[in-house]
Structures are given as C-alpha cells and as structure tokens.
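Atoms considered below: every heavy atom in the structure, side chains included; atoms not considered: hydrogens, waters and symmetry mates.
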Amino acid sequence: MEEIAEVYARALFDVAKEHDVLDEVHDQLGQFTDELSKNHDLQVFFFSPYFSSQEKKDGITKVVEGGDEHFVRFLELLAERHRMPALFRIRRVFDRMWAEENKLLSVTLTSAVELDDDIKDDLRKKIEEQTGRKVDLTTKVDPYVIGGLVLRVGNLVMDGSIRARLERLRKQVAKAA
C-alpha cells in the first residue's frame, strides 16, 4: 500500500508543480482528507465496494465543488481504480514532498511553561539561519520537563531539560553506588 501511495502522490505532485498549482492542491488535499477522516458517512461511501466508480466520481464532483481541476481528476482516478482507501497515505507522502520542495523543516519545541512569542520567534530565526530552511515551529507545554527546553528537529532530539539532567545525574549516582 505504501508503494501505491508513493506512486500516486508523486504523480499528483508532478502535475500540480507542472501547472503551478502546488500550494493550492496541497491545501485541497489536506482539506479533503481532513473532512474525510472526520466524516464516517463519506468514508463508507468512498471506501465501500458497494458503490460504483461512477457514483463515487459524481460524489467527488459534489464534495469538491470549485476544486482545482487536476485535483478533482486525481480523486476521480483514485475512485475509478478503487484506490480511495490509500488517500491518507498519499497525503502523508505528498505532504513530505511538499515540505521538501518548500524547504520546510518541522520543529517541535517543548517547555515546562508557555513561552513568549519573542522567544519563539528568536528560536525559529536561529534554526532557520543554522539550517537554511523555513521552520514550521510547533510548541508544546509539558510540566514534566521541569525547566529548560526539548527541541525535536525531524528525528533529532536535543534535550536540554532539567528532567533529562536529573535523570543523567540519577544514573551516574546509581552507577557509582
């Protein structure tokens, strides 16, 4: 299923990029899959083999009214080939390609308390300078951090929290005893 998602996502990405509607298609794919994930009736309709491809195509036309023509045709192709259940995986792959194209770096910042906007902006700018990429910064508050920050950049975690320091100290004491 992952290979199928990769192929379809690449095809949609290439067509959207070629016609200079990449951001528009990205937004519409996100909106469609978000709505689909929330609406059980839509899932039953689009994923069920009991409805014909033509009925699904007609449904797509009604649900995605005013959507980009390439995106609508893409959804119709998925319906015709009974690939609608792969749509969530297609979106994940497409999002990854879109982020790479836009040099977007996902960063999660966890702190014990809510940080001021100035601090968040400073951190975002410093990370952008270091990486040369645009940063999509998400912040979380976790009181168990106690103090300091935990920064997750992709798969890399930089843990400068008091909790992590205390844990390292606990291990050293336990090792020495």
Side-chain angles (χ1 to χ4, degrees), residues 1-40 42-43 46-47 63-64 67-68 70-72 74-75 78 83-168:
M1 189 66 100
E2 202 61 38
E3 292 172 2
I4 291 169
E6 192 78 35
V7 169
Y8 280 95
R10 172 57 60 193
L12 178 62
F13 185 86
D14 289 345
V15 167
K17 187 174 177 183
E18 180 182 322
H19 292 91
D20 200 27
V21 290
L22 191 57
D23 290 339
E24 187 178 331
V25 168
H26 176 258
D27 292 344
Q28 289 177 16
L29 178 61
Q31 290 169 358
F32 185 80
T33 53
D34 287 347
E35 192 57 42
L36 193 59
S37 70
K38 291 187 279 185
N39 191 324
H40 181 69
L42 279 177
Q43 289 178 31
F46 285 121
F47 298 167
V63 171
V64 191
D68 178 75
H70 303 43
F71 178 62
V72 172
F74 174 76
L75 291 177
L78 290 179
R83 299 289 192 207
M84 288 300 279
L87 194 58
F88 296 111
R89 288 187 175 146
I90 291 169
R91 178 190 181 181
R92 255 195 324 272
V93 174
F94 189 93
D95 284 348
R96 188 178 67 236
M97 288 188 237
W98 183 84
E100 189 63 36
E101 177 72 19
N102 288 292
K103 298 191 183 308
L104 190 64
L105 184 62
S106 181
V107 176
T108 304
L109 178 64
T110 307
S111 60
V113 295
E114 185 66 35
L115 298 174
D116 293 338
D117 289 339
D118 292 340
I119 293 171
K120 293 179 202 176
D121 288 341
D122 286 346
L123 282 168
R124 176 184 290 117
K125 287 175 187 171
K126 287 180 182 176
I127 296 169
E128 286 176 348
E129 288 171 8
Q130 292 290 319
T131 62
R133 297 177 81 173
K134 184 179 176 190
V135 171
D136 177 23
L137 184 66
T138 305
T139 58
K140 293 182 183 176
V141 175
D142 181 0
Y144 292 110
V145 170
I146 302 173
L149 300 172
V150 178
L151 193 64
R152 179 181 297 272
V153 181
N155 293 331
L156 178 66
V157 177
M158 293 170 268
D159 194 340
S161 67
I162 301 295
R163 180 180 180 182
R165 291 180 190 170
L166 289 172
E167 184 61 27
R168 286 191 295 270

Participant: About how many Å separate CG of D142 and CZ of R163, when rounded to the nearest 0.5 Å?
Facilitator: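 One gets 7.0 Å once the value is rounded to the nearest 0.5 Å.
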Participant: Do E35 and L42 have side chains that approach each other closer than 4.5 Å (heavy atoms only, starting at C-beta)?
Facilitator: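 Side-chain contact under 4.5 Å: yes.
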Participant: Specify the closest pair of heavy atoms between F88 and S37, including all atoms of both residues, with the distance to one decimal.
Facilitator: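 Shortest heavy-atom contact: CE2-CB, 3.8 Å.
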Participant: Does the pair D34/K38 count as a salt bridge with the N-to-O cut at 4.0 Å?
Facilitator: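 Looking at D34 and K38, the cut-off is not met.
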Participant: Could you check whether any side-chain heavy atom of D14 comes within less than 4.5 Å of a side-chain heavy atom of R10, counting everything from C-beta outward?
Facilitator: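 With C-beta onward as the side chain, the pair touches.
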Participant: Taking all heavy atoms of A112 and all of V141, pick out the closest pair and write down the distance.
Facilitator: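 Looking at all heavy atoms of both residues, the closest pair is O-CG1, 3.4 Å.
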Participant: Can you list everything that forms a salt bridge (Lys or Arg N to Asp or Glu O under 4.0 Å) with R168? Sequence neighbours excluded, please.
Facilitator: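 Applying salt bridge (Lys or Arg N to Asp or Glu O under 4.0 Å) to R168 gives none.
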Participant: Look at D95 together with R91 and state whether they make a salt bridge at an N to O cut-off of under 4.0 Å.
Facilitator: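 Looking at D95 and R91, the cut-off is met.
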Participant: Is there a side-chain contact between E101 and F13 (heavy atoms, below 4.5 Å)?
Facilitator: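 Touching, per the 4.5 Å side-chain cut-off.
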Participant: Should K120 and E114 count as side-chain neighbours, where that means a heavy-atom distance under 4.5 Å?
Facilitator: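 With C-beta onward as the side chain, the pair touches.
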Participant: Counting N and O atoms only, with roles assigned by atom type, does the side chain of Q43 sit under 3.5 Å from a partner on the main chain of L36, one being a donor and the other an acceptor?
Facilitator: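 Confirmed, Q43 side chain pairs with L36 backbone.
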Participant: Check this for me: does any side-chain nitrogen of one of R96 and E6 sit under 4.0 Å from a carboxylate oxygen of the other?
Facilitator: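 Looking at R96 and E6, the cut-off is met.
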Participant: What is the distance from atom CG of L12 to atom OH of Y8, rounded to the nearest 0.5 Å?
Facilitator: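 So the CG of L12 and the OH of Y8 are separated by 12.0 Å.
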Participant: Is the shortest side-chain heavy-atom distance between L151 and V157 below 4.5 Å?
Facilitator: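 In short, these two side chains do not touch, never coming nearer than 4.5 Å.
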Participant: So do the side chains of V153 and M158 get within less than 4.5 Å of each other, counting heavy atoms only?
Facilitator: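 Touching, per the 4.5 Å side-chain cut-off.
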Participant: Of all heavy-atom pairs between G30 and T33, which one has the smallest distance, and what is that distance?
Facilitator: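 Shortest heavy-atom separation between G30 and T33 comes out as O-OG1, 3.2 Å.
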Participant: Looking at every heavy atom in both V145 and G148, which two are closest together, and how far apart are they?
Facilitator: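 Result for this residue pair: CG1-O, 3.9 Å.
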Participant: State, yes or no, whether a side-chain contact exists between R152 and V107 at a heavy-atom distance under 4.5 Å.
Facilitator: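 Side-chain contact under 4.5 Å: no.
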Participant: Keeping the roles fixed (side chain from N102, backbone from L104), state whether a donor-acceptor pair exists under 3.5 Å.
Facilitator: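 Checking the backbone N and O of L104 against the side chain of N102, no donor-acceptor pair under 3.5 Å is found.
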Participant: OG1/T139 to CG/L137 distance, rounded to the nearest 0.5 angstrom?
Facilitator: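 Taking OG1 in T139 and CG in L137, the distance rounds to 6.5 Å.
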Participant: So, using salt bridge (Lys or Arg N to Asp or Glu O under 4.0 Å) as the criterion, who are the partners of E129 when residues are at least two apart?
Facilitator: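 Salt bridge (Lys or Arg N to Asp or Glu O under 4.0 Å) check on E129 returns nothing, list empty.
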Participant: Check M84 against F47 and note the closest heavy-atom contact, atom names and distance.
Facilitator: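 Heavy atoms of M84 and F47 come nearest at O-CE2, 3.3 Å.
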Participant: Measuring from atom CG of D23 to atom CG of D68, what distance do you get when rounded to the nearest 0.5 angstrom?
Facilitator: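 Those atoms lie 11.5 Å apart.
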Participant: Would you say that L149 contacts T110 through its side chain, given a criterion of any heavy-atom pair below 4.5 Å between the two side chains?
Facilitator: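 Contact flag for L149/T110 side chains = no.
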Participant: Say you draw a straight line from CD of E128 to CG of L105; how long is it, rounded to the nearest 0.5 Å?
Facilitator: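 Interatomic distance, E128 CD to L105 CG, rounded to 0.5 Å: 9.0 Å.
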Participant: Any chance you could measure I90, atom CD1, to L87, atom CG, to the nearest 0.5 Å?
Facilitator: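 Output value for this atom pair is 5.5 Å.
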Participant: Look at the rings of H26 and F94 and say which category their plane angle falls in: under 30° parallel, 30 to 60° tilted, over 60° perpendicular.
Facilitator: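 It falls in the parallel class, under 30°.
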Participant: Looking only at heavy atoms, which two atoms of G160 and R165 are closest? And how far apart?
Facilitator: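 So the minimum-distance heavy-atom pair works out to O-NH2, 4.0 Å.
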Participant: Would R124 and D121 pass as an ion pair if we require N to O under 4.0 Å?
Facilitator: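 Result for this pair is yes, salt bridge flagged.
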Participant: Is it true that, when you exclude E100 itself, more than 12 heavy atoms of the residues, nucleotides or ligands shown sit nearer than 6.0 Å to its CD?
Facilitator: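 Count not over threshold, so no.
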